[in-house]
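Have a look at the structure below, then the notes.
Numbered from 1 within each chain, the chains take letters A, B, ... in sequence-line order. Computed from a predicted structure; not experimentally measured.
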Number of protein chains: 2
Amino acid sequence: MNIGTVSVKSGLPAKTIRYYEDIGLIRPDRRDNGYRDYSMEDVHRLRFLQRSRSLGFSVEECRQLLSLYGDGERESAEVKAIATTKLGEIERKIAELQGLRDMLQHLVATCHGDHRPECPIIDGLSGRAHAH
Amino acid sequence: MNIGTVSVKSGLPAKTIRYYEDIGLIRPDRRDNGYRDYSMEDVHRLRFLQRSRSLGFSVEECRQLLSLYGDGERESAEVKAIATTKLGEIERKIAELQGLRDMLQHLVATCHGDHRPECPIIDGLSGRAHAH
DNA sequence: AGTCCGCCTTCCAGCAGGTGGAAGGTCAAG
DNA sequence: CTTGACCTTCCACCTGCTGGAAGGCGGACT
């Protein structure tokens, strides 16, 4: 199977698929003409990568998950530990962004937004005023 | 004022302060010995940068905000427009992360996390099952 | 047989936003 | 006079790709 087909099937750009090969996440065969030749197994691995990346796992985490994915002997506890850690990170990230949002919302709400130079947003960013 | 002092006062690493100079966000004086010499105005600008970066503005957005910050004639409407756009982006980001969280929460909740090889997380990532 | 287009290959460069480290100059204290 | 903390520049590296150039290959149409 050529890279273009695999790209469609996996939902990943061809460039990204080659990049994943560069960093050792997949190892497709080569044909006589030099073209990469992918198996269905490769497609599964790439879909797996696409999903886990879009769920916020780093490439290194994906590498771990992928080795567990391919290991029939793996213990689900290992996988759960990785996922749980990532869940905590995502929750922290959400809380952080909510803090930013509240701060910005406050600044935007108190700004007249007209042609006068007074601006609580600038003041807030400069630390001249406290957006409590 | 030396860069080390400014680093403490602004909450930014010295490396980052030099980098901000490289990309033209600040322009400190130089002393005879080659050391950078910062004014209180520089410190204010750097604190401003630190705050706006940590509020999720990109460096380019910070550059805009900084030019408005230094411009007594600016109209608050300009600033409000930038902040409002950024607010929308932050809200989209939060929603996206909440989606990830829900998905991962579901996967983690349905995984026994023991030493058996069955693992709904791996299944979910591989697309073999739907964590709806 | 020639030509076209689209696919494939490699390689090199660059994006954001810094961070790390080497190699060396400077300054104040002991 | 040496030590140690600070400062300087420069160059490389990080993540996770993405873009583009230059060239080979494959099948269709004429």
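Using a 4.0 Å cut-off, no side-chain N or O of N33(B) falls inside it from OP1 or OP2 of dG25(C). OP1 or OP2 of dT18(D) has at least one side-chain nitrogen or oxygen of T16(A) nearer than 4.0 Å. Here R53(B) reaches the OP1 or OP2 of dG18(C): one of its side-chain N or O atoms lies under 4.0 Å away. Within the structure, every side-chain polar atom (N or O) of Y35(A) is placed at least 4.0 Å from both OP1 and OP2 of dG26(D). Considering only side-chain N and O atoms, S58(A) lies nowhere under 4.0 angstrom from the phosphate OP1 or OP2 of dT15(D). Applying the 4.0 Å criterion to OP1 and OP2 of dT9(D), one finds that R36(B) has a side-chain N or O inside that range.
If you measure from atom CG of D32(A) to atom P of dC8(C), you get 17 Å, rounded to the nearest angstrom. Distance, L12(A) CG to dC17(D) C1': 11 Å, rounded to whole Å. Per the geometry, CD belonging to E21(B) stands 8 Å off P belonging to dT8(D), to the nearest Å. When rounded to the nearest whole Å, the span between CG of D37(A) and P of dG26(D) equals 13 Å. The OH atom of Y38(A) sits 6 Å away from the P atom of dT9(C) (whole-angstrom rounding). If you take CD1 of I17(A) and P of dC8(C), they are 10 Å apart, rounded to a whole angstrom. Atoms CD (E60(B)) and C1' (dG17(C)) sit 11 Å apart, rounded to a whole Å. dT15(D) atom C1' lies 17 Å from atom CZ of F57(A), rounded to whole Å.
Considering only the side chain of Y19(B), dG18(C) comes nearest among dG18(C), dT18(D), dC7(D). The side chain of K15(A) lies closest to dT18(D), out of dG17(C), dT18(D), dG16(D).
We find the CD1-CG distance between I121(B) and L68(A) to be 10.5 Å, quoted to the nearest 0.5 Å.
No more than 12 heavy atoms of other residues, nucleotides or ligands lie within 6.0 Å of NE2 in H115(B), so this atom counts as exposed by the packing criterion. Heavy-atom neighbours of R31(A) CZ from other residues, nucleotides or ligands within 6.0 Å: above the threshold of 12.
Side chain to side chain, E91(A) and Q105(B) meet the donor-acceptor criterion of an N or O pair below 3.5 Å.
Residue R18(A) is classed as a base contact, given a heavy-atom separation below 4.0 Å to a base. Within the nucleic acid shown, R30(A) comes within 4.0 Å of sugar-phosphate atoms alone, with no base atom in reach, counting heavy atoms only. Nucleic acid contact for I23(A): none, since no nucleic acid atom lies under 4.0 Å from a heavy atom of the residue.
Across all their heavy atoms, S7(B) and I17(B) have their closest contact at CA-CD1, 3.7 Å.
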